[in-house]
Amino acid sequence: MTTATTARDALAAHATALDAADPLAPLRERFLLPEGVVYLDGNSLGALPAAVPPVLADAVRRQWGTDLIRSWNENAWWEAPLRVGDAVGRLIGAAPGQTVVGDSTSVQLFNALVAAARLRPGRPLLLTDPDHFPTDQYIADSVARLLGLEVRRVPARELPQFLAEQGDRVAVAGYTPVDYRTGELYDMAGTTRAAGRAGALMLWDLCHAAGALPVRLDEIGADLAVGCGYKYLSGGPGAPAFLYVAARHQAAFDHPLTGWNGHAEPFGMSGGYAPVEGIGRARIGTPPILSLLALEAALTAFDGVDMAEVRAKSLSLTAFLLHCADTLLDGHGFTAVTPRDPDRRGSQVALRHTDAYALVQALTARGVIGDMRAPDLLRFGVNALYVSHRDVLDAMRQLLDVVVTGEYRQDRFQLRTTVT
Ligand SMILES: *Cc1c(COP(=O)(O)O)cnc(C)c1O
């Protein structure tokens with residue numbers, strides 16, 4: 001036997017042993033994954049939870065089709081944004097009454113930034129990360145233009161120091177705990193404390209954290225947070241996003257989009273706006289009920305699941321992915337950009353390669369689905385609820401094969417699709 005075969009056999013045995021000892025393995029049955037697909041893109045669009053199709057069918061046929069407008073009361077449609085908000089809250093360490101669901105992450109970001117700036121009048125700076133997801137940066141720029149503030153792009157790792165030195169000039173800092181490209185994990189608790197000491201507000205974007213790792217918003221004294229419903233929460237394409245406003249900020253929370261659903265008496269039909277007490281004031285207009293109910297059903301995939309176990313398995317998967325990449329792909333032009341220190345790693349691994357785009361296309365054609373982030377990163381997200389160590393090994397073996405055979409050089413894998 002050659003050394004290469006021995007190494008491959010050892011990896012296979014290792015994957016089998018890790019999967020056999022995985023307490024979360026049975027959760028995979030809560031998802032409807034197609035045969036023969038290795039799905040490592042749950043950080044962009046979570047897989048379909050088995051609980052969703054029957055709930056959606058009922059929502060459409062019975063609730064909409066038969067109960068019609070009575071559903072707002074009889075099927076509790078009216079309460080859905082706050083009810084589903086509390087369900088998300090359980091996964092992000094938020095006690096009930098602080099989380100609302102509706103609209104997109106981009107919209108929630110806008111609302112949260114404006115409201116945060118209004119809570120800290122007289123402070124001229126709005127901070128964001130130069131490596132933050134583009135929409136977060138674009139919206140920070142727009143909010144600053146709108147309110148006459150100045151945006152400073154301070155890298156996440158320099159933020160605590162910046163806050164210590166100039167924090168008294170900062171109204172709000174909008175950051176993510178997990179870099180969407182590299183998967184680097186930052187210290188949420190320490191950064192939140194640094195903002196608090198400076199009297200500034202911290203707005204966390206939890207898109208790559210909610211459902212992926214334990215988040216303890218109340219415990220760390222978080223101010224505000226947003227996040228999407230369609231990544232690790234698996235709420236489906238275009239699932240509504242969430243907004244968390246800590247209870248202590250709610251009375252003064254002045255939402256920029258004063259829609260009638262946030263009014264104290266929405267059916268009083270008065271011509272003047274008076275916000276309802278509590279998180280309900282962060283509601284805007286009529287919510288996307290079908291998507292809300294799909295997200296609510298999707299969240300039941302987390303029933304009885306301990307987020308500490310999710311984190312342990314996620315770290316085991318990403319460590320194993322890095323190990324497979326080291327063992328199998330050495331000498332083929334890949335560099336891992338995700339931190340190896342587990343305390344600094346989210347729930348994904350990114351590999352740098354000059355042919356990242358074509359490699360991801362060729363892998364997808366083989367049923368191994370990851371994604372690519374410009375200009376040169378292959379990104380593999382692991383959702384601990386349905387990804388196995390065997391999946392991770394299969395993905396890295398197929399990647400090796402695609403490289404060694406030169407398959408990715410085919411013309412069809414060079415064509416850019418609209419969505420990468
Ligand atoms: C995915 C993601 C978004 C997406 O915003 P949408 O409005 O839902 O399209 C925003 N910010 C971050 C950090 C993300 O990872």
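Just follow the structure's listing: the first ligand is 1, and inside any ligand the first atom is 1.
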Per-atom contacts of ligand 1 with [X], taking only distances under 4.0 Å to non-hydrogen atoms:
X      : answer
Asp136 : 10 (C), 11 (N), 12 (C), 13 (C)
His208 : 15 (O)
Tyr230 : 1 (C), 4 (C), 5 (O), 6 (P), 8 (O), 9 (O)
Ser104 : 7 (O)

Trp77 six-ring centre to Arg70 NZ/CZ under 6.0 Å and within 45° of normal: no
Phe133 six-ring centre to Lys231 NZ/CZ under 6.0 Å and within 45° of normal: yes
Residue among Gln348, His323, Arg345, Arg340 satisfying side chain to side chain donor-acceptor pair (under 3.5 Å) with Thr318: Arg345
Heavy atoms from other residues, nucleotides or ligands near CZ of Phe162 exceed 12 (cutoff 6.0 Å): yes
Over 12 foreign heavy atoms within 6.0 Å of CG, Leu68: yes
Shortest protein contact, atom 7 (O) of ligand 1 (heavy atom only): Ser106 OG, 2.6 Å
Identity and distance of the protein heavy atom lying nearest atom 2 (C) of ligand 1: Lys231 NZ, 2.5 Å
Parallel, tilted or perpendicular: rings of His208 and Tyr232 (30°, 60°): perpendicular
Mutual orientation of the aromatic rings belonging to Phe320 and His389 [parallel < 30°, tilted 30-60°, perpendicular > 60°]: perpendicular
Exercise: do Asp371 and Ser44 side chains pair donor with acceptor under 3.5 Å: yes
Any Gln108 heavy atom less than 4.0 Å from ligand 1: no
Residue part near ligand 1, for Thr135, under 4.0 Å between non-hydrogen atoms: side chain
Nearest candidate to atom 5 (O) of ligand 1, where distance is taken over non-hydrogen atoms, out of Thr105, Thr176, Val226: Thr105
Within-cut-off N or O pair, His132 and ligand 1, under 3.5 Å: no
N/O separation below 3.5 Å, Asp205 to ligand 1: yes
